[in-house]
Student: 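Got a structure here, written out as structure tokens. Questions coming.
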Protein chains: 2
Amino acid sequence: MAMEILDLETFLPYRLYHLADLVSRDFSRLYKDHFGLTRPEWRVLAGLGQHGTMTASALGEQSAMHKTMVSRAVAELERRRWLARRQDDSDRRLEHLTLTKAGAEAYRNMVPLAKAFEQQMLGRLTTSEQTALTAGLAALERKFG
Amino acid sequence: MAMEILDLETFLPYRLYHLADLVSRDFSRLYKDHFGLTRPEWRVLAGLGQHGTMTASALGEQSAMHKTMVSRAVAELERRRWLARRQDDSDRRLEHLTLTKAGAEAYRNMVPLAKAFEQQMLGRLTTSEQTALTAGLAALERKFG
DNA sequence: CCAAACTGGTTGCATTCGTAACTATCTATT
DNA sequence: AATAGATAGTTACGAATGCAACCAGTTTGG
């Protein structure tokens, strides 16, 4: 077969996707097994924990989620009483979302686990590998994001 | 709120996933719009184009796909007459898959598009950024894959 | 040999997710 | 004001995916 070949293993989009899938699958056990959260729910929790109060659209922008996913994740976390909604006074389309005590508590428990996961991940790399990785990702983000 | 904060934007699993999602979504237009393929179908095409003849399990391993996805993608490509199955003589559970003329033709058309995409992606980065990126990804792959 | 365990591949079912259409509200133009 | 166009968020539906159960064929150990 005298045709030009594409080597899948070294093809950048494939490598990225595959790695992200592996890591994400691994990480998801943290919030799935320990807290029974889906990925969108975890992201909403993370967003509100980090920023205090946000609207659904702001959440969507910050964590790169489609508004339908935000909507469903918020509904579920509200059902659990992990967050509360408050209507905006001047614009009644807007809802300000905040973690409840229980939600903040869950966030507080989650953060060290997440950081430990990341550390364990980076810990497997040498310092120069870590630098290369973050520099490379940052470069891609600058051009893509 | 005096709690430890996790910064989502710089959290490695999130960054990886988000970038991969952006790139993959962008790249998928190539095989979706031009050839009407799904991602699993594209990967099967790529695997067979690269390796000539493979079994379904080999495809699954090479391209990190669940065997159900391989099975469905193979069925669809067979329906299109882009690949053909041949039973193994000594082990009748095995099927050897090969691209047909039409499948090879599609592959031949696809490869330059994929390479151009990758080049365009890398082209936005400086040489040292490219080196950093591939080194960083390779390091992660060594420890994770 | 023959039952038990294993492997390649398919199918049914439940979950996840994205697109598009919808409701309600707000803004801008006239 | 009144209407047209935008925006926040929800919902309904379809497509993609994963898990588990399954079938057919093969290997292994008594």
Side-chain angles (χ1 to χ4, degrees), chain A residues 14 17-18 20-22 24-29 31-33 36-44 47-48 53-79 83-98, chain B residues 17-18 20-29 31-33 35-45 47-48 53-79 83-98:
Chain A
Y14 171 74
Y17 189 94
H18 182 39
D21 190 52
L22 284 177
S24 167
R25 220 173 269 276
D26 211 358
F27 178 60
S28 77
R29 279 212 293 276
Y31 51 75
K32 207 162 284 179
D33 294 356
L37 295 173
T38 63
R39 183 171 45 225
E41 285 156 22
W42 145 250
R43 285 197 187 167
V44 167
L48 294 182
T53 293
M54 304 174 82
T55 65
S57 337
L59 269 170
E61 277 179 37
Q62 195 231 349
S63 54
M65 287 192 296
H66 195 269
K67 59 183 181 170
T68 50
M69 287 207 295
V70 176
S71 172
R72 291 191 264 246
V74 165
E76 172 59 22
L77 291 186
E78 185 189 31
R79 200 193 58 70
L83 67 75
R85 315 185 192 225
R86 182 176 53 75
Q87 288 259 336
D88 185 281
D89 298 325
S90 57
D91 186 340
R92 279 168 350 203
R93 294 170 305 179
L94 295 181
E95 298 181 324
H96 299 281
L97 308 166
T98 319
Chain B
Y17 188 93
H18 181 38
D21 191 51
L22 283 177
V23 171
S24 166
R25 219 173 270 277
D26 211 0
F27 179 60
S28 77
R29 278 212 294 276
Y31 51 74
K32 206 163 285 179
D33 293 356
F35 299 86
L37 295 173
T38 63
R39 183 171 47 224
E41 285 157 21
W42 145 249
R43 285 197 187 166
V44 167
L45 183 70
L48 294 182
T53 293
M54 306 173 81
T55 65
S57 338
L59 268 170
E61 277 179 37
Q62 195 231 350
S63 55
M65 288 193 293
H66 195 270
K67 59 182 182 171
T68 46
M69 286 206 298
V70 176
S71 172
R72 291 192 263 248
V74 165
E76 171 59 22
L77 291 185
E78 186 189 30
R79 201 192 57 69
L83 66 76
R85 315 186 191 226
R86 182 176 53 74
Q87 288 259 337
D88 185 282
D89 298 325
S90 57
D91 186 340
R92 279 169 350 207
R93 295 170 304 180
L94 295 181
E95 298 181 323
H96 299 281
L97 308 166
T98 319

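All of these numbers come straight from a predicted model, not from anything done at the bench.
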Student: Protein within reach of the bases, or only the backbone? For nucleotides 2-14 of chain C, mark each nucleotide 5' to 3' as B, S or -, using heavy atoms under 4.0 Å.
Tutor: -----BSBBBB--
Student: Rounded off to whole Å, could you give me the CG-to-C1' distance for the B:D89 and D:dG25 pair?
Tutor: 15 Å
Student: Holding to side chain to side chain donor-acceptor pair (under 3.5 Å), I want the full list of residues that pass it with B:R93, two or more places apart in sequence or in another chain.
Tutor: B:D91
Student: How would you list, by chain and number, every residue that makes a ring pair (Phe, Tyr, Trp, His ring centres under 6.0 Å) with A:Y17, sequence neighbours excluded?
Tutor: none
Student: Classify B:S28 by what it touches in the nucleic acid, base, sugar-phosphate, or nothing, heavy-atom distance under 4.0 Å.
Tutor: nothing
Student: Rounding to a whole Å, what distance do you find between A:Y17:OH and D:dA16:P?
Tutor: 13 Å
Student: How long is the line joining CG of B:L37 and P of D:dA15, in whole Å?
Tutor: 17 Å
Student: Can you tell me how far P of C:dT16 sits from CH2 of A:W42, to the nearest Å?
Tutor: 18 Å
Student: I need the CE-P distance between B:M65 and D:dC19, as an integer number of Å.
Tutor: 15 Å
Student: Return the set of residues passing side chain to side chain donor-acceptor pair (under 3.5 Å) with B:T68 (not counting sequence neighbours), or none when no residue passes.
Tutor: B:H66
Student: Whole-Å distance between D:dG9 C1' and A:R86 CZ?
Tutor: 17 Å
Student: Which is more 5' along DNA chain C, the nucleotide nearest A:R39 or the one nearest A:S90? Just name the residue.
Tutor: A:R39
Student: Please test A:Y14 against B:R43 for side chain to side chain contact (heavy atoms under 4.5 Å, CB included), starting from the C-alpha separation and ending with a verdict.
Tutor: CA-CA 9 Å; A:Y14 171 74; B:R43 285 197 187 166; 3.8 Å; yes
Student: Find the distance B:M69:CE to D:dA15:P and express it as a whole number of Å.
Tutor: 18 Å
Student: Give every residue pair that meets the salt bridge (charged side-chain N to carboxylate O under 4.0 Å, His left out) criterion with at least one member in residues 54-73 of chain A, sequence neighbours excluded.
Tutor: none
Student: Which residues pass the side chain to side chain donor-acceptor pair (under 3.5 Å) test with A:S71, sequence neighbours left out?
Tutor: none
